[in-house]
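The structure under discussion appears below in the form of structure tokens.
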Amino acid sequence: MFMLVKIELQNFSLWKSIWDKEKTVRESYGCLSEKIYRNSVSDKEIFILTEWEDIEDAQEFGMSDDLRKSLGKSGGLGRPEVSFIDEIS
């Protein structure tokens with residue numbers, strides 16, 4: 001299953017440097033893979049697609065203090081939009 005997150009950022013470079021440093025944290029929660037996409041029109045808006053073994057792992061990470069601390073340091077604007085999705089084909 002996948003978790004799709006939409007975030008608006010003040011500074012992509014700052015966010016990306018923190019995101020890269022936190023990879024082992026995501027993996028410790030069970031993240032299997034990840035891809036980052038940027039809005040073609042607004043470079044402050046990104047989409048993160050992460051793959052998880054199950055929804056419980058993704059939800060645990062999504063509610064973790066680890067994630068909250070990272071988002072606080074990285075300059076996110078507003079609250080991220082989160083969707084849990086399954087691949088169907």
Side-chain angles (χ1 to χ4, degrees):
M1 68 84 40
F2 297 89
M3 181 168 61
L4 179 63
V5 180
K6 175 184 163 188
I7 303 175
E8 287 196 48
L9 304 171
Q10 292 177 1
N11 181 322
F12 176 79
S13 298
L14 172 62
W15 174 86
K16 182 71 165 81
S17 69
I18 292 169
W19 176 263
D20 291 344
K21 291 177 188 171
E22 301 288 332
K23 184 175 179 77
T24 56
V25 173
R26 291 187 299 281
E27 290 173 343
S28 74
Y29 281 90
C31 183
L32 303 173
S33 67
E34 56 193 50
K35 289 189 178 187
I36 301 170
Y37 302 88
R38 186 183 265 174
N39 186 316
S40 299
V41 177
S42 170
D43 64 354
K44 293 186 178 207
E45 185 176 77
I46 63 164
F47 300 84
I48 306 163
L49 182 66
T50 51
E51 182 177 9
W52 301 83
E53 187 72 34
D54 56 51
I55 193 169
E56 289 81 13
D57 290 344
Q59 289 173 327
E60 183 179 352
F61 173 71
M63 296 173 58
S64 71
D65 287 336
D66 293 316
L67 179 60
R68 220 170 280 118
K69 289 175 190 172
S70 292
L71 287 174
K73 292 187 282 187
S74 66
L77 297 172
R79 186 177 194 144
E81 292 180 29
V82 179
S83 298
F84 297 100
I85 57 178
D86 291 311
E87 186 173 351
I88 56 173
S89 67

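Just so it is clear, the structure is predicted and the values come from calculations on it, not from any experiment. Throughout, residue positions are numbered sequentially from 1 according to the sequence presented.
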N/O donor to acceptor pairs below 3.5 angstrom from side-chain atoms of residues 38-45, sequence neighbours left out:
{"from": "Arg38", "atom 1": "NE", "to": "Asp43", "atom 2": "O", "distance (Å)": "3.4"}
{"from": "Asn39", "atom 1": "OD1", "to": "Val41", "atom 2": "N", "distance (Å)": "2.7"}
{"from": "Asn39", "atom 1": "OD1", "to": "Ser42", "atom 2": "N", "distance (Å)": "3.2"}
{"from": "Asn39", "atom 1": "ND2", "to": "Glu45", "atom 2": "OE1", "distance (Å)": "2.4"}
{"from": "Glu45", "atom 1": "OE2", "to": "Lys6", "atom 2": "NZ", "distance (Å)": "3.3"}

Cluster overlap Phe47 with Ile7, hydrophobic side-chain contacts below 4.5 Å = no
Rounded to the nearest 0.5 Å, how far apart are NZ of Lys35 and CG of Leu4?
-> 13.0 Å
Does Ile36 reach the side chain of Lys16, with side-chain heavy atoms less than 4.5 Å apart?
-> yes
Using the ring of each side chain (for Trp, its six-membered ring), is Phe12 parallel, tilted or perpendicular to Trp15, with breaks at 30° and 60°?
-> tilted
With side chains defined as the heavy atoms from C-beta onward, is the minimum distance between Cys31 and Phe61 less than 4.5 Å?
-> no
Check the surroundings of atom CD in Glu56: do more than 12 heavy atoms from other residues, nucleotides or ligands lie under 6.0 Å from it?
-> yes
Does Val82 share a hydrophobic cluster with Ile46, counting links as ILVMFWY side-chain heavy atoms below 4.5 Å and allowing steps through other members?
-> yes
Out of curiosity, Phe2 CZ to Leu32 CG, how far, rounded to the nearest 0.5 Å?
-> 9.0 Å
From Glu34 CD over to Lys23 NZ, what is the distance, rounded to the nearest 0.5 angstrom?
-> 4.0 Å
Supply the atom-to-atom distance Ser64 OG to Gln59 CD, rounded to the nearest 0.5 angstrom.
-> 12.5 Å
May I ask you to test the Ile85-Leu49 pair for a side-chain heavy-atom distance under 4.5 Å?
-> yes
Single-linkage hydrophobic cluster Met3~Tyr37, side-chain heavy atoms < 4.5 angstrom | no
Indicate the atoms forming the closest heavy-atom contact of Met1 with Ala58, along with that distance.
-> SD-CB, 4.1 Å
Rounded to the nearest 0.5 Å, what separation is found between the CZ atom of Arg26 and the CH2 atom of Trp52?
-> 8.5 Å
Nearest non-hydrogen partners of Gly30 and Asp57, listed with the distance = CA-OD2, 4.4 Å
Heavy-atom pair of closest approach, residues Asn11 and Ser13 = OD1-N, 3.0 Å
